[in-house]
**Student:** 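Could you have a look at this structure, given as structure tokens, before my questions?
Worth knowing before you read on, the calculation uses all heavy atoms, side chains too, and leaves out hydrogens, waters and symmetry mates. Whatever order the structure lists ligands and atoms in, that order sets their numbers, starting from 1.
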Amino acid sequence: MDKRVVVVGGAQGIGAACVRSLAAEGAKVASLDVSADKGRSAAQQAGAMFFECDVTNRDQVFATMAEAASELGGIDSLVHVAGILAKGPAEEITDETWHRIMDVNARGPMLTNQAALPFLKKNDRSGIVNFASSAALAGYPDGALYAASKGAVVAWTKTIALEWARFGIRANVLHPSAHTPMFDDHRNKLSEEQREEYDRAMLAKVPLGGRFGDTDRDIAPVISFLVSDGARFMTGQNIAVNGGYHLV
Ligand SMILES: NC(=O)c1ccc[n+]([C@@H]2O[C@H](COP(=O)([O-])OP(=O)(O)OC[C@H]3O[C@@H](n4cnc5c(N)ncnc54)[C@H](O)[C@@H]3O)[C@@H](O)[C@H]2O)c1
């Protein structure tokens, strides 16, 4: 694949799978993540570059994006995967938690998208993929703040798809379900009883196989497609890659 791609959140989980698969397909890839050791090692194994970057730090995001663009020789696509999970009853959300989650999940994509804009503008039909969640498309019990932060990503992405189409920039939103450290962290925090209930619910909720997907086989190939010229006429779309989660 003859593309120069920045993947934000490439240290583990879905982001690391995207770095691996895009690099294996011949793309020049720069991985950005706040988790430096993991990020560097994942990028090195994939044959990608790595840059430490916290998506909540405006100056760092702009400086790192410029550095990545310079090393890559330009940017054709930005894949913003980084995000954090928040769980808890809606009535217990504090201002502090609200700001922290919104900062990473909603303000983070805004900053990386803005920082990549000057480089994306230089190319014909460049692309942005931001990551939301099925939580933004349906009610998410115990996850109002997470759902709200991902709802912001959907609204932001649809709007830049309209505003930046004049620069030939496409912007789409991916709603994944995949077995990752984020998923494991969440499941491991549950009591044995809650975990059994969770696994039973998953069987009922995911028509394709009753479980979350595989990062490399189920999610990364869709990202490769969205980054490719095959997706050159797609913009502003919600793309759910989740085995049919929330269909039932
Ligand atoms: N795994 C799922 O099933 C699932 C479901 C719905 C949505 N998502 C979304 O998909 C994306 C990837 O999920 P995942 O399961 O791979 O998560 P993960 O926790 O395994 O990986 C997230 C990555 O983002 C990085 N990150 C976190 N905060 C950052 C910051 N401030 N600056 C830079 N990097 C930061 C982490 O270091 C990590 O490498 C997230 O946005 C998540 O909300 C995942």
Side-chain angles (χ1 to χ4, degrees), residues 6-21 30-43 46 48 50-62 64-65 68 78-87 99-112 115 129-138 140 143 145-154 156-157 173-189 198 202 205-206 208-209 211-216 218-220 222-223 238-246:
V6 173
V7 177
V8 182
Q12 66 174 35
I14 295 169
C18 294
V19 170
R20 276 194 296 277
S21 75
S31 166
L32 275 54
D33 204 294
V34 72
S35 173
D37 290 345
K38 270 192 199 167
R40 198 163 286 119
S41 136
F50 177 76
F51 301 89
E52 183 175 351
C53 181
D54 180 345
V55 299
T56 65
N57 182 329
R58 176 177 277 274
D59 291 346
Q60 200 179 44
V61 168
F62 276 71
T64 313
M65 197 65 72
L78 170 72
V79 181
H80 184 116
V81 189
I84 52 176
L85 187 62
K87 294 288 279 184
H99 289 309
R100 191 170 57 81
I101 300 299
M102 284 293 182
D103 212 23
V104 177
N105 288 357
R107 189 168 153 270
M110 174 194 72
L111 292 179
T112 62
V129 183
N130 288 325
F131 271 63
S133 165
S134 322
L137 304 175
Y140 186 47
L145 173 50
Y146 180 70
S149 71
K150 294 301 191 176
V153 175
V154 173
W156 162 265
T157 310
V173 196
L174 200 104
H175 303 268
S177 287
H179 197 141
T180 65
M182 180 188 274
F183 168 86
D184 283 336
D185 283 350
H186 169 57
R187 194 171 168 278
N188 291 341
K189 281 183 195 140
Y198 183 79
M202 200 60 79
K205 279 184 186 164
V206 186
L208 277 182
R211 60 194 300 276
F212 273 13
D214 179 81
T215 56
D216 293 80
D218 298 323
I219 313 293
V222 180
I223 293 300
N238 280 304
I239 298 144
V241 187
N242 60 10
Y245 192 51
H246 284 311

**Student:** Tell me: protein heavy atom nearest atom 14 (P) of ligand 1, and distance?
**Tutor:**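 Closest protein heavy atom to atom 14 (P) of ligand 1: T180 OG1, 3.6 Å.
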**Student:** So which bit of S134 gets within less than 4.0 Å of ligand 1, heavy atoms only: side chain, backbone, both or neither?
**Tutor:**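 Looking at S134 and ligand 1, no heavy atom falls under 4.0 Å.
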**Student:** For the 3.5 Å polar cut-off, considering only N or O atoms, please tell me whether F131 and ligand 1 meet it.
**Tutor:**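 N/O-N/O distance below 3.5 Å does not exist for this pair.
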**Student:** Run down the list A240, G9, C53 and name the one with the heavy atom closest to atom 33 (C) of ligand 1.
**Tutor:**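 Considering heavy atoms of A240, G9, C53, the nearest to atom 33 (C) of ligand 1 sits in C53.
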**Student:** Counting heavy atoms only, which of L174, V34, D33, D54 comes nearest to atom 31 (N) of ligand 1?
**Tutor:**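 Nearest heavy atom to atom 31 (N) of ligand 1 lies in D54.
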**Student:** Which bit of K150 gets closer than 4.0 Å to ligand 1, counting heavy atoms only: side chain, backbone, both or neither?
**Tutor:**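 The answer is the side chain.
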**Student:** When you look at S149 and N105, which way does the side-chain hydrogen bond (donor to acceptor under 3.5 Å, both in side chains) test go after all the steps?
**Tutor:** CA-CA 6 Å; S149 71; N105 288 357; 3.1 Å; yes
**Student:** Considering distance alone, does some N or O of V55 sit under 3.5 Å from an N or O of ligand 1?
**Tutor:**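 Between V55 and ligand 1, an N or O pair is found under 3.5 Å apart.
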**Student:** Among all the protein's non-hydrogen atoms, which is closest to atom 9 (C) of ligand 1, and how far away is it?
**Tutor:**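 The closest one turns out to be A132 O, 3.7 Å.
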**Student:** Hey, does F183 sit under 4.0 Å from ligand 1 if you only count heavy atoms?
**Tutor:**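 F183 does not count as a contact of ligand 1 under the 4.0 Å cut-off.
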**Student:** Should one rank H175, Q12, Q60 by closest heavy-atom distance to atom 18 (P) of ligand 1, which comes out on top?
**Tutor:**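 Nearest option to atom 18 (P) of ligand 1, by heavy atoms: Q12.
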**Student:** Tell me: protein heavy atom nearest atom 13 (O) of ligand 1, and distance?
**Tutor:**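 For atom 13 (O) of ligand 1, the nearest protein heavy atom is I14 CD1, 4.0 Å.
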**Student:** Before signing off on this row, confirm whether Y146 and ligand 1 have an N or O atom pair separated by under 3.5 Å.
**Tutor:**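 For ligand 1, there is an N or O atom that lies under 3.5 Å from one belonging to Y146.
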**Student:** Between T56 and D54, does any side-chain donor sit less than 3.5 Å from a side-chain acceptor?
**Tutor:**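 Result is yes, a qualifying pair exists.
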**Student:** Which atoms from ligand 1 have a heavy atom of G13 less than 4.0 Å away?
**Tutor:**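 With G13 as reference, the close atoms of ligand 1 come out as 16 (O), 20 (O).
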**Student:** Which option out of G108, A82, A178 puts a heavy atom nearest to atom 26 (N) of ligand 1?
**Tutor:**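 Considering heavy atoms of G108, A82, A178, the nearest to atom 26 (N) of ligand 1 sits in A82.
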**Student:** Do I239 and V173 touch side chain to side chain, with heavy atoms closer than 4.5 Å?
**Tutor:**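 No, every pair of side-chain atoms sits at 4.5 Å or beyond.
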**Student:** If you measure every N/O of V81 against every N/O of ligand 1, is any gap under 3.5 Å?
**Tutor:**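 Yes; the residue has a nitrogen or oxygen that sits under 3.5 Å from a nitrogen or oxygen of the ligand.
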**Student:** Against heavy atoms of F212, which atoms of ligand 1 measure under 4.0 Å?
**Tutor:**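 Counting from 1, the qualifying ligand atoms are 3 (O).
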**Student:** Relative to each other, are the rings of F212 and F183 parallel, tilted or perpendicular (30° and 60° limits)?
**Tutor:**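 Ring orientation, 0 to 90° scale: tilted.
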**Student:** Tell me if the aromatic rings of Y198 and H186 count as close, with their centers under 6.0 Å from one another.
**Tutor:**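 Yes, they do, as the ring centres are separated by less than 6.0 Å.
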**Student:** Closest by any non-hydrogen atom to atom 5 (C) of ligand 1: pick that one out of P176, S177, S133.
**Tutor:**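 Minimum heavy-atom distance to atom 5 (C) of ligand 1 goes to P176.
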